[in-house]
Amino acid sequence: MRTFVKKLNHALLFLLLAVGLLCPLRAAAVEEDTYQVTTQIPVSVDVNENYKATFTLQLTAVEDGAPMPEVTELSFTGGGSGNFGPITYTAPGDYSYQVTQVAGSDDDVTYDKAVYNVTVRVTNKGEDSLQADVWARRNEETGKASVAAFHNVYTAPQQGGGPFAHKKR
């Protein structure tokens, strides 16, 4: 009987040690999944005269390791607004991106050539969470913008007056 109790105690001790070792690993895996924040990078594009050209904005990461959204190009017909994202971050830090407009081929449009340098600053919000702040700087300007906004100019073609226009006498 004594050997049976001894074997039972060893088996229970082994079981408790196994459970004790596995529980922290499982808790760490759950914590890793919750230690993240998701955000978006807001953009807009406009053109005067409600001209219905298609405008395309592009997002690129400045440094390796910056998380990227699934879609890195957004197109708008006649202007509009949207977001690059969602983008999920799992570690604190500053993440740098650039937003540019892909130059179109419409000769009647002057395309905004601005380069927006976007920073996503991810910080610890509390014990088990992160927060993200997003801002953009247009070209080399020092002020922060909340949206990467592109402004295009449409110039209507001149009527008549070309090389084959009839001259009044």
Side-chain angles (χ1 to χ4, degrees), residues 23-162:
C23 284
L25 293 177
R26 182 176 173 165
V30 170
E31 183 177 308
E32 184 178 310
D33 290 342
T34 59
Y35 193 70
Q36 66 184 20
V37 65
T38 301
T39 193
Q40 300 184 27
I41 298 173
V43 296
S44 71
V45 62
D46 64 35
V47 63
N48 61 322
E49 304 288 330
N50 293 322
Y51 189 63
K52 296 298 180 197
T54 298
F55 303 99
T56 302
L57 304 181
Q58 186 173 46
L59 176 73
T60 55
V62 172
E63 75 259 350
D64 291 339
M68 293 293 288
E70 198 170 303
V71 175
T72 58
E73 281 193 3
L74 297 174
S75 293
F76 304 94
T77 301
S81 61
N83 296 294
F84 285 109
I87 308 171
T88 300
Y89 301 88
T90 58
D94 284 350
Y95 299 91
S96 300
Y97 303 90
Q98 283 190 336
V99 179
T100 54
Q101 180 172 214
V102 178
S105 59
D106 191 330
D107 292 336
D108 298 328
V109 176
T110 302
Y111 294 89
D112 189 340
K113 295 178 182 168
V115 174
Y116 279 91
N117 294 301
V118 178
T119 300
V120 177
R121 178 164 289 159
V122 178
T123 56
N124 287 314
K125 182 178 178 182
E127 188 176 306
D128 292 331
S129 63
L130 297 172
Q131 72 178 21
D133 295 311
V134 180
W135 67 86
R137 287 194 166 90
R138 182 180 172 92
N139 299 328
E140 299 301 318
E141 296 174 7
T142 57
K144 293 179 181 180
S146 59
V147 176
F150 294 85
H151 308 285
N152 300 302
V153 177
Y154 166 72
T155 305
Q158 295 291 329
Q159 296 295 330

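We're numbering straight along the sequence, starting at 1.
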message: Between Tyr111 and Phe150, is the ring centroid distance below 6.0 Å?
response: no
Sequence-distant partners of [X], side chain to side chain donor-acceptor pair (under 3.5 Å), two or more places apart:
X	result
Thr155	none
Gln40	Asn83
Asp94	Arg121

Any side-chain heavy atom of [X] sitting closer than 4.5 Å to one from [Y]?
X	Y	answer
Val62	Gln98	yes
Pro92	Thr123	no
Ile87	Thr38	no
Asn117	Val115	yes
Val120	Thr39	yes
Ile41	Trp135	no
Pro69	Leu59	yes
Val99	Val43	yes

- prompt: Just by distance, do the side chain of Gln36 and the backbone of Leu130 share a donor-acceptor pair under 3.5 Å?
  reply: no
- request: Under the side-chain contact (heavy atoms from CB on, under 4.5 Å) rule, what do Val47 and Val153 come out as? Steps first, then yes or no, please.
  value: CA-CA 6 Å; Val47 63; Val153 177; over 6 Å; no
For the residue pair [X] and [Y], what are the closest heavy atoms and their distance?
X	Y	result
Ala149	Arg138	O-NH1, 3.2 Å
Ala66	Ser96	CB-O, 4.5 Å
Val122	Ala91	CG1-O, 3.6 Å

field: Reported CG-to-CD distance for the pair Asn124 and Gln131, which is rounded to 0.5 angstrom
entry: 9.0 Å
Can you give the donor-acceptor pairs under 3.5 Å from side chains of residues 73-82 to other protein atoms, not counting sequence neighbours?
| unit_1 | atom_1 | unit_2 | atom_2 | d |
| --- | --- | --- | --- | --- |
| Glu73 | OE2 | Gln58 | NE2 | 3.1 |
| Ser75 | OG | Thr56 | OG1 | 3.0 |

query: When you look at CD of Glu140, are more than 12 heavy atoms from neighbouring residues, nucleotides or ligands closer to it than 6.0 Å?
result: no
message: Give me each pair satisfying ring pair (Phe, Tyr, Trp, His ring centres under 6.0 Å) with a member in residues 84-105, each pair once, sequence neighbours excluded.
response: Tyr89-Tyr95
Please output the side-chain donor-acceptor pairs of residues 101-108 that fall under 3.5 Å, not counting sequence neighbours, one pair per line with the distance.
| unit_1 | atom_1 | unit_2 | atom_2 | d |
| --- | --- | --- | --- | --- |
| Gln101 | OE1 | Asn152 | ND2 | 3.0 |
| Gln101 | NE2 | Asp112 | O | 3.0 |
| Gln101 | NE2 | Asn152 | OD1 | 2.9 |
| Asp106 | OD1 | Asp108 | N | 2.9 |
| Asp106 | OD2 | Tyr51 | OH | 2.6 |

